[in-house]
Amino acid sequence: MADQVKPNANQAPTHDAQLAADHMVSGEEKAPKVDFESDYATAQQFSVSEIDQTNQGAAAASAATAPEQKVAEVEETKTETQSSGNPKDYVEMAKELGGSRTEAVTNVSDDLVQKAFKKGQSQQ
């Protein structure tokens, strides 16, 4: 089934397309007829090449997409934790983590806070 092209110069993206649409509307040029079903059937014939319909095509495709380097398989490792239920284990773990609080940080004493207050007061 052929469809008639309905030109609209306002929808044309370029100046040439606008001129062509104006000529079609005025009758100076014939509007093309488009048969979508026929065009679609023709496009289907070109969508798959002849080599892709054979075993050679499959071999060529796998050779083209094969990785150049051998990829090692991933080994699965299992990690199991054993809970002892002993609170002393948790205390030791907390001490290990707690050491990071004092590293690279100075302790603030009351004297240090008082000195900061004195430096922060205006001299009146």
Side-chain angles (χ1 to χ4, degrees):
M1 176 179 153
D3 291 330
Q4 183 74 25
V5 174
K6 298 175 185 167
N8 184 351
N10 294 333
Q11 292 180 343
T14 63
H15 181 66
D16 290 337
Q18 290 173 351
L19 288 176
D22 287 337
H23 288 289
M24 286 181 221
V25 170
S26 67
E28 294 177 40
E29 217 176 289
K30 277 188 160 184
K33 292 190 178 192
V34 180
D35 189 356
F36 290 108
E37 293 166 4
S38 172
D39 289 347
Y40 182 74
T42 304
Q44 292 304 308
Q45 293 174 358
F46 294 111
S47 67
V48 179
S49 67
E50 291 178 18
I51 194 171
D52 287 337
Q53 297 172 357
T54 65
N55 290 338
Q56 275 184 320
S62 64
T65 58
E68 294 179 13
Q69 308 295 327
K70 188 173 183 177
V71 179
E73 290 187 26
V74 178
E75 295 179 15
E76 186 174 324
T77 58
K78 278 191 168 183
T79 304
E80 292 183 21
T81 59
Q82 298 177 0
S83 62
S84 65
N86 186 356
K88 290 182 181 179
D89 294 337
Y90 296 106
V91 171
E92 289 298 317
M93 185 172 47
K95 285 181 183 177
E96 289 175 11
L97 295 175
S100 64
R101 284 188 290 159
T102 58
E103 293 174 6
V105 177
T106 59
N107 289 335
V108 179
S109 64
D110 289 337
D111 293 333
L112 188 60
V113 172
Q114 292 302 321
K115 287 180 184 177
F117 280 142
K118 287 180 184 177
K119 286 187 177 184
Q121 293 176 352
S122 63
Q123 304 225 352
Q124 292 180 349

Checklist entry - How far apart are the C-alpha atoms of Glu76 and Val74, what are their side-chain angles, what is the distance that settles it, and do they pass the side chain to side chain contact (heavy atoms under 4.5 Å, CB included) test? => result CA-CA 6 Å; Glu76 186 174 324; Val74 178; over 6 Å; no
Check: residues 16-32 side-chain donor-acceptor pairs under 3.5 Å, at least two apart:
from: His23; atom 1: ND1; to: Glu28; atom 2: OE1; distance (Å): 2.8
from: Ser26; atom 1: OG; to: Asp22; atom 2: O; distance (Å): 3.2
from: Ser26; atom 1: OG; to: His23; atom 2: O; distance (Å): 3.1
from: Ser26; atom 1: OG; to: Glu28; atom 2: OE2; distance (Å): 3.4

Item to check | More than 12 heavy atoms of other groups within 6.0 Å of Asp39 CG | outcome: yes
